[in-house]
Amino acid sequence: MITAEHFRRIAYWSRDLEHGEFERARAGIIEKTYQRGAYICHRGDEMEHWTGLVSGLVKVSTASLSGKSVSLAGMRACGWFGEGSVLKGEARQYDLVALRDTRLALMNRATFLWLFDNSVAFNRFLVWQLNARLGQFIALVEYDRSLEGKARLARTIAWLFHPTLYPDAGAKLDITQEEIGLLSGLSRQVTNKSVAELQDEKLIEADRESITVRDLDALRRYGE
DNA sequence: TCATTAAGCGTTG
DNA sequence: CAACGCTTAATGA
C-alpha cells in the first residue's frame with residue numbers, strides 16, 4: 001500500500017478528505033509502471049480503475065475511421081482521469097498512450113464508488129474537474145477545425161497548465177518538443193517552428209526539455 | 001505544382 | 001546520449 005505522504009503528494013484532492021475517507025482511498029490504490037510508447041489502454045477496454053498520473057506523460061487519443069490516430073489531450077503528473085468510464089461502468093472511450101516512462105496510481109472501482117457515495121470533498125473535486133474539462137472541450141470543439149498548428153500547440157500547452165486540473169504545478173513543465181508535438185498531433189517541424197514563434201510572442205519560454213508559461217490566458221484563447 | 005511530413009544526420013548541451 | 005534543428009526524399013492535395 002502507498003504511504004500517506006505519497007498519497008498526499010500524488011493526489012492533492014486527498015488533502016481535503018476526512019481521515020476515514022483518506023485511509024479508505026489510500027487502501028484502494030496500487031501503482032503500476034508503463035514503458036515509453038506502451039498503450040495503457042485501448043478504446044473499448046473495460047475500465048475498472050480510476051487513474052492518477054504519478055509521473056510521466058500520457059496522451060489521450062482516438063483512432064479516426066481511416067485508422068489515423070487523432071490526439072485529444074495530454075495528461076501530466078498529478079492528473080486524475082477515467083471517472084466517466086468508472087462511474088458509468090462503461091468501456092473506455094479513448095486510447096491512452098504513455099509518451100515516456102510513466103507511473104500510474106490505480107484506484108479500484110469499489111473504492112471510487114464508495115468515495116462517490118460517502119465523501120463530500122471527493123464529490124466537490126469531481127465536479128470541479130469535470131467542469132474544467134468541459135470548458136476546455138467546448139473551446140476545442142468550437143475552434144479546433146479552423147485552428148492551424150500553432151494554435152493547436154498553444155492550446156495543448158494551456159491544457160497542461162490548467163490551474164484546476166493541476167493546482168500544484170508551477171509555470172514550468174519538463175517536456176521535449178517531440179512530446180508536445182505528439183500531444184498536439186503535429187509534426188516535429190511544425191512543432192519546432194510554432195514553439196519558436198510562441199516564444200517570440202512572449203507567451204512561453206522554451207528551453208531544452210522544458211517549457212515555461214508566460215501568458216496562460218493568451219495561450220488558452222490563441223487563434224480565436 | 002506546392003505544401004507537408006517522416007527519416008536521416010550532424011550539432012549541441 | 002538524447003534533444004534539437006536542418007536537409008532530403010516521398011507523399012498527397
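Throughout, protein chains are lettered first and strands after them, A, B, ... in sequence-line order, and every chain is numbered starting at 1.
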Task: First and last nucleotide of DNA chain C, 5' to 3', lying under 4.0 Å from heavy atoms of chain A - done: C:dA2 to C:dT7
Open item on the list: For A:His6, give me all partners under ring pair (Phe, Tyr, Trp, His ring centres under 6.0 Å), at least two apart in sequence or on another chain.
Closed with: none
TODO: Using salt bridge (Lys or Arg N to Asp or Glu O under 4.0 Å) as the criterion, list what pairs up with A:Arg220, not counting sequence neighbours.
DONE: A:Asp217
Open item on the list: Suppose we screen for salt bridge (Lys or Arg N to Asp or Glu O under 4.0 Å). Which residues come up paired with A:Glu18, at least two apart in sequence or across chains?
Closed with: none
Task: Residues in contact with DNA chain B, drawn from residues 182-204 of chain A - heavy-atom cutoff 4.0 Å - done: A:Ser187, A:Arg188, A:Gln189, A:Val190
Task: 4.5 Å side-chain heavy-atom contact, A:Asp16 and A:Arg124 - done: no
Open item on the list: Among residues at least two apart in sequence or on other chains, which ones pass salt bridge (Lys or Arg N to Asp or Glu O under 4.0 Å) with A:Glu48?
Closed with: none
TODO: Measure the distance from CD on A:Gln177 to P on B:dT12 and round it to the nearest whole Å.
DONE: 17 Å
Task: side chain to side chain contact (heavy atoms under 4.5 Å, CB included) against A:Ala206, all qualifying residues, sequence neighbours excluded - done: A:Val195, A:Gln199
- [ ] Tell me, please, which residues at least two apart from A:Arg43 pass salt bridge (Lys or Arg N to Asp or Glu O under 4.0 Å).
- [x] none
- [ ] Output all residues satisfying ring pair (Phe, Tyr, Trp, His ring centres under 6.0 Å) with A:Phe125, sequence neighbours left out; order by chain, then residue number.
- [x] A:Tyr12, A:Trp13
